[in-house]
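The next block holds one structure in the form of structure tokens; read it before the comments.
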Amino acid sequence: MQDEYRTIARAGVHETEVNRSRFLCALAPAAGEQEAQEFIAAVRKEHADATHNCWAYVIGADAAVQKASDDGEPGGTAGVPMLQMLLRRDMRYVVAVVTRYYGGVKLGAGGLIRAYGGAVGEALDALGTLTRRRFRLATVTVDHQRAGKVQNDLRATGREVRDVRYGEAVTLEIALPDADVDAFRAWLADATAGTAAFELGGEAYGDA
């Protein structure tokens with residue numbers, strides 16, 4: 001698994017104009033291909049009167065799924081430059097749709113490549129990106145009298161407490177960078193006089 005990847009901070013639309021043609025780049029996060037395809041379909045429906053609705057998406061922290069469509073523009077002049085821009089910016093789990101309203105001036109192959117790739121680049125700049133990092137999920141089980149202090153210490157050191165469950169003991173679900181696991185285990189033993197249980201779970205991505 002990749003240790004980290006970049007994605008968009010939020011969904012949105014950014015418009016650019018090139019030689020009287022309007023290019024509207026809609027970006028959205030997509031956890032999988034189905035989500036990406038549903039977003040593309042929604043944009044197509046919204047802009048059914050547009051000249052073209054070209055798209056590209058990258059799914060997977062390792063960019064395992066990469067797809068693009070020129071939607072009627074000359075081959076390789078729209079979807080591919082859009083995809084290349086997403087990859088150049090290290091974007092993952094993101095879908096881009098560039099809607100073109102033709103303005104009467106032909107742009108030529110080079111002009112189209114610059115316009116479609118540029119529309120995606122400008123939209124990424126406008127909407128912002130964020131880095132998501134891989135974390136190990138872990139469970140800490142601690143007695144009630146120590147639980148409050150442990151929670152406060154975790155939050156004070158910037159640890160992410162994902163869930164707290166109260167039963168006979170208190171169970172905290174946390175997320176740790178891989179490199180911190182051993183140091184955290186030692187800290188926890190010290191902080192709770194060796195009374196807390198610590199169990200490693202699976203992996204997940206969170207905001208870096």
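Just so we're clear, the structure is a prediction, and the values are computed from it rather than from any experiment.
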Side-chain donor-acceptor contact under 3.5 Å, Glu33 with Tyr57: yes
Lys67 side chain reached by Trp55 side chain, heavy atoms, under 4.5 Å: yes
Derivation of the salt bridge (charged side-chain N to carboxylate O under 4.0 Å, His left out) call for Arg44 and Asp71: CA-CA 11 Å; Arg44 278 181 185 279; Asp71 191 40; 3.5 Å; yes
Donor-acceptor contact present, side-chain Ser21 to main-chain Gly103, <3.5 Å: yes
Over all atoms of both residues, closest heavy-atom pair of Leu137 and Ala175: CD2-CB, 4.2 Å
Between Glu38 and Gln34: side-chain donor-acceptor atoms closer than 3.5 Å: yes
Side chain to side chain, Thr7 and Arg132, heavy atoms closer than 4.5 Å: yes
Cation over ring face, Arg22 and Tyr101, 6.0 Å, 45°: yes
Heavy-atom donor-acceptor pair, Thr16 side chain to Ala119 backbone, under 3.5 Å: no
Whether Ser69 side chain and Cys54 backbone form a donor-acceptor pair below 3.5 Å: no
Pairwise side-chain contact, Val58 with Tyr93, heavy-atom cut-off 4.5 Å (strictly under): no
Gln84 side chain near Leu87 side chain, heavy-atom distance below 4.5 Å: no
Arg146/Asp153 ion pair, N-O < 4.0 Å: no
Short side-chain to backbone donor-acceptor contact, Asn53 and Thr99, under 3.5 Å: no
Val164 and Val170, any side-chain heavy atoms less than 4.5 Å apart: yes
Flag side-chain contact, heavy atom, 4.5 Å: Val95 against Ile40: yes
Nearest non-hydrogen partners of Leu200 and Ala138, listed with the distance: CD2-CB, 4.1 Å
Residue pair Arg100 / Leu107, side-chain heavy-atom distance below 4.5 Å: yes
His144 side chain to Gly167 backbone, donor-acceptor under 3.5 Å: yes
Which atom of His14 lies closest to which atom of Ala126, heavy atoms considered: ND1-CB, 3.6 Å
Test item: Val43 and His47 side chains (from C-beta on) under 4.5 Å apart, heavy atoms: yes
For Ala9 against Leu130, the heavy-atom pair lying closest together: CA-CD2, 3.7 Å
Backbone N/O of Gly79 and side chain of Asp70: donor-acceptor pair under 3.5 Å: yes
Arg89 CZ: over 12 foreign heavy atoms closer than 6.0 Å: yes
Parallel, tilted or perpendicular: rings of Phe184 and Trp187 (30°, 60°): tilted
